[in-house]
Amino acid sequence: MEAFLREVQEVVKRYPQKRAAILPALYLAEQRFGWLSQEAYEAVAEALNMPKATVKGVATFYSMYRKAPMGRNLIQLCTNVACMVMGAETLLQLLERRYGLRPGGTTEDGRFSLVVMECIGACDRAPAMLVNKDFHPNLNENNIIEILEGYS
Amino acid sequence: MIRLTIDGIEVELEEPVTVLEAARKVGIKIPTLCWFEGLPPFGGCRLCLVKVEKLPKLQTACTLMSADGMVVETENPEIRAARRAMLEFLLINHPLDCPYCDKAGECELQDLVAKYGPEAGRFAEGKRRHPESFDDPIIVRNMERCVLCTRCVRVCEDLQGAYAITVTGRGAHSFVEPFSGGRYDCEYCGNCLTVCPVGAIMSRLHLHSYRPWFVQKEAETVCSYCGVGCRMVVQVRENSIIRTIPRFGLGVNDGLLCVRGRFGYDYIEQKERLRTAFIRKDGELRPVSIEEAIEYTAKKLLQIKDTNGPETIGAIASGRCSNEDNYMLQRLMRFFIGSNNIDSSARLYYIPIVQYLERIFGQGVTANLMPGIGRSDGVVVVGGDPTRINPVLGLQIRACHRNGGKVVVFGPSGGLKRFVPYELRPRDDEALLVAVLKALIEKKGMPGENKNLEERLKEIEVETHDVLREASIEEPLFDTLVGDLLGLQNPVVVVGPEVLQAERPSRVLFLVAGIVYLLGARVFVMSDRPNYQGLMDMGCLPDMLPGERPIELETFRHKVESVMGRPVPDKAGMNLFQMLEMAKEGNLKALYVMGDNLYYHMPDAEEALQSIDFLVVQDIFMTETAERADVVLPAAGWTEKEGTFTNLERRLQRFEKSRTPLGCMEDWRLLAELMAHMGDERPPRTVAEIWDELVQVSPLHIGINPREIGPEGMIYPYHGEPLRGVEGEFDVEALKGPYGGGPEGLRLILDRPLYHSGSQSRRSRALRSLQDSPVLCLSPEDARDLGLEDADMVRVTSSKGMLKVKVAISEDVASGTARLSNTFSEVHFSRLVGIRQDPVTTGGVFTDNLVKIEKLPSEGSEEVME
Ligand code: SF4
Ligand code: SF4
Ligand code: SF4
Ligand code: FES
Ligand code: FES
């Protein structure tokens, strides 16, 4: 909690007012708590001296925050046209075989969560995915496992 | 000057306002849904669309500012079509379950669709689903009905300042919920349900038990819980309260209520209400008729008066009873018993604080108007949390902050946390007060208006350095505080009961008065009963006749005697403490207690009450005090009688009777009957007759006709302008110092919580659903030191006794103190402490309140007395 408060204070410095830092603070909370739990909202509210209900209201307005429990690592795999043509569907099947992971799901050990994306702007290097903040292009059935094994 | 034309009518404006408001000024009502008077405009529903010449599109009148030369049209086929279209959008998701919805009949959506259509929607897809939420004990949420006007969120944020609810999600998927998603866990003011235009947020208390057109009777009344005196309307059907609603634009509360006023009304209809009188025979209370009980009481009182003398009889008046009830009680005491022994629980803090300030500044110094708090540029709070003791007054302080004012709280900021720039948690309040006062004197100089006060102020000799160390307040913070106070132009000081909880209460009060004086502030005294001020004005004081005229003034006594045709006892009577002391010594033979659970809230009262030969209790419940009485008289309660209350700003407010009392009688009428048996040939038999007499007796009430008091009440006689400059004598202990060095250890303090109010609220099922058992509130620091966590069971031991109770950890508690309320029968505060009367202020100071707290393993809370 202390560490989180410090991180938020760092971000706050870049804004004219504390509450202006709410979006980055929510991202920090997401990293810290894994997802935006009630606890995470409360931490942000405390750090920014904002009402917790207001924090929740802002967070739920945006679709890209994680509002359900998530694994430690979030895989965002693109399945839009270019990636689909280049084999994203096979990769999806592989993830299910290998990790029991389905779109929207989380592995039992809480290691991975999977979300399918609508074009992440990497059609020239399809199929592609994001793991947490890391970008991984030109995937195939071999390298995807290799990449994922690097995340514990 | 702005000139515009609305529907062909010329409108002239001094100040620019929105087109909506401009139209209202000339009587044109533009339909609205998301707009609400007093809330910032939102512009979300688009029902207020109007046509403005030269602007290509329809405009929302609630957000558009009027401009010179504008030509506006508020109804035409284009506008009607647009409104119909907006409503069709809303009906896409609205469930149209009107036959089942409590709001039907007073629903703004229903009314708008009835006016503009559409008669049928074209949307064939399914509606959004949100099962009705019954997670909360008193608020039901039905988010299928929500039209996302955000009125509830804005009232909660902008007027209540609680920020408890929010719009979650986005677009058509959004809805309103409290942070938890389930229970509200908020201040439960219910102001969100007043403003919801549809049936999306509703009170659970009357769910599916009424339709708006079932209301048979509406009566104007005043809340029966605290000294703010919020106006409300009770709606009644078949002699039973359906609900209470406030009205915007009316009264001190202007549409707002707090949890007690909104939801706590059900106590009055509990089945344990007294429906018969009782007389103790062979050691037991046996039911008898009211007539029999009155006859018996009259006989006994006269007997005791003859045998032992009138000075052996006393009476306790009530801050929960009306002015008329209290007037009649002192009438009984003075003219039919012949004794001035009359006092009340207001002696504990309200009377001493008000009288002390009046002695310094002159009578009526606290007669200031509450809306002035919101308009002031700064508020200083000392001695308690106004957002709990007087919640709607607390809202004015929040409003002051919203309007840019500074809020300074001595002690934990509590419900004002979000509204203070810094917390001041001195280790010793007095030390900080004296440091502040000294700095103000140095920086501002004496105003030279109040010689008496200034003489005394000059006696203060402290070193700022030293007292700040005692207070353990850092100098930079102190400098900011003083700077803030010096910057105030028209500040307000709000004083609470806890200022007297000190070794030398007069000194604390004097310091506060000094700050009031140097700041040129208006002062308010918190009151946790609806009529403490009223009982004072009615003469329920041992040394004052009605109108607060001192008994020793012979001319005044003569005037009263000529009106009453009976002598006024010329010796000042005994106050609350003295009466109890007399009782212990066996010298108080009879005590008449009206509407006060004396045994329960006065420490050490047991022995005193046991020693009284004849105890009469007149109440609405069989209280702990009534159980010990020789005669119990059943009184009519709130809504069951007409009368007046006087709130803490001295606003005289009338309330109507809306229900028939069953098996009981108004307090004043019981007293009138009693006096009739004691030689009064013609006691007043109506409220109007009481007033006919009162206006002759009390110079404060000359010329008042209670029937003429309108819904705004009547500010008398000061009209909000206190009579300053009639200073009297006052004492103060040990002004020179030393300061600081307060007691060590953990002290038990009386808590006055938001959800409860003395032992009255324990009869409210609604309030009990919010808090059903006692809690001992501790600061996080003390809890940590004691190794305690929230909800742990502890044993609390003082030199007086011991009890088991659950812990609640709260930042709103000052470290070094533990707070417990006097509410529940099992565990209560006054059992654990003693009390002494401060000789200077005459107020009550709790003693023996050093406590030891130990953690217990088990569940459940029960009292173990030694
Ligand atoms: S009851 Fe009052 S505090 Fe609670 S959500 Fe409604 S407006 Fe806010
Ligand atoms: S709950 Fe009622 S007041 Fe709140 S946004 Fe919905 S319709 Fe408006
Ligand atoms: S503030 Fe006081 S008078 Fe107003 S509703 Fe609350 S308890 Fe009643
Ligand atoms: S389709 Fe996958 S990155 Fe564009
Ligand atoms: S009332 Fe103007 S937009 Fe809702």
Side-chain angles (χ1 to χ4, degrees), chain A residues 1-5 8-9 12 15-30 32-70 76 103-104 115-118, chain B residues 40 42 44 128 130 135-136 139 141 143 146 148 150 152-189 191-192 201 398 401-402 413 415-423 780 790 811:
Chain A
M1 191 61 204
E2 297 284 296
F4 174 69
L5 289 181
V8 176
Q9 291 331 315
V12 163
Y15 295 87
Q17 302 173 18
K18 267 190 167 181
R19 56 187 299 141
I22 181 155
L23 296 185
L26 283 166
Y27 274 119
L28 289 173
E30 204 175 72
R32 182 120 226 135
F33 296 88
W35 62 291
L36 291 180
S37 57
Q38 294 284 98
E39 206 189 344
Y41 292 138
E42 278 172 300
V44 173
E46 158 116 35
L48 299 178
N49 191 22
M50 281 176 75
K52 52 193 183 179
T54 311
V55 170
K56 187 175 183 178
V58 171
T60 54
F61 180 85
Y62 295 97
S63 53
M64 279 163 73
Y65 287 115
R66 304 181 204 161
K67 275 156 301 213
M70 285 271 174
Q76 295 177 294
V115 171
V116 293
M117 303 297 285
E118 303 298 335
Chain B
F42 174 60
R128 117 195 118 168
H130 272 294
D135 296 312
D136 197 84
I139 301 179
R141 228 165 42 249
M143 281 303 134
C146 174
L148 289 168
T150 75
C152 55
V153 178
R154 282 175 289 149
V155 87
C156 187
E157 292 182 352
D158 292 303
L159 297 187
Q160 183 65 21
Y163 299 87
I165 46 177
T166 186
V167 177
T168 54
R170 177 162 50 176
H173 299 289
S174 43
F175 56 94
V176 174
E177 64 173 23
F179 178 68
S180 77
R183 272 183 81 112
Y184 276 76
D185 293 327
C186 61
E187 298 182 345
Y188 287 103
C189 63
N191 292 324
C192 50
I201 311 185
R398 291 175 178 173
H401 167 87
R402 195 169 46 249
S413 58
L416 292 169
K417 181 160 191 262
R418 196 169 291 293
F419 306 87
V420 293
Y422 37 76
E423 286 278 320
D790 217 39
E811 275 185 29

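Here the structure is a predicted model, which is why all the values come from computation and not from measurement. Every chain is numbered from 1, with letters handed out A, B, ... down the list of sequences.
The shortest non-hydrogen separation linking G57(A) to T166(B) is CA-OG1, 3.3 Å. Here the closest heavy-atom approach between residue R418(B) and residue N49(A) is recorded as NH1-O, 3.9 Å. Between A164(B) and A53(A) the shortest heavy-atom distance is O-CB, 3.5 Å. Of all heavy-atom pairs between T54(A) and E157(B), the closest is OG1-OE2, 4.0 Å. T60(A) and G169(B) get closest at one heavy-atom pair: OG1-N, 2.9 Å.
Side chains of E42(A) and F179(B) form a contact here, defined as non-hydrogen atoms less than 4.5 Å apart.
Note: K52(A) NZ to S180(B) OG = 8.5 Å, rounded to the nearest 0.5 Å.
Counting heavy atoms of neighbouring residues, nucleotides and ligands inside a 6.0 Å radius, atom CD of E46(A) does not exceed 12 of them. Heavy atoms of other residues, nucleotides or ligands lying less than 6.0 angstrom from CD of Q38(A) number more than 12. The number of heavy atoms from other shown groups lying within 6.0 Å of CZ (R19(A)) does not exceed 12. Shown here is E423(B), whose CD atom has more than 12 heavy atoms of other residues, nucleotides or ligands within 6.0 Å.
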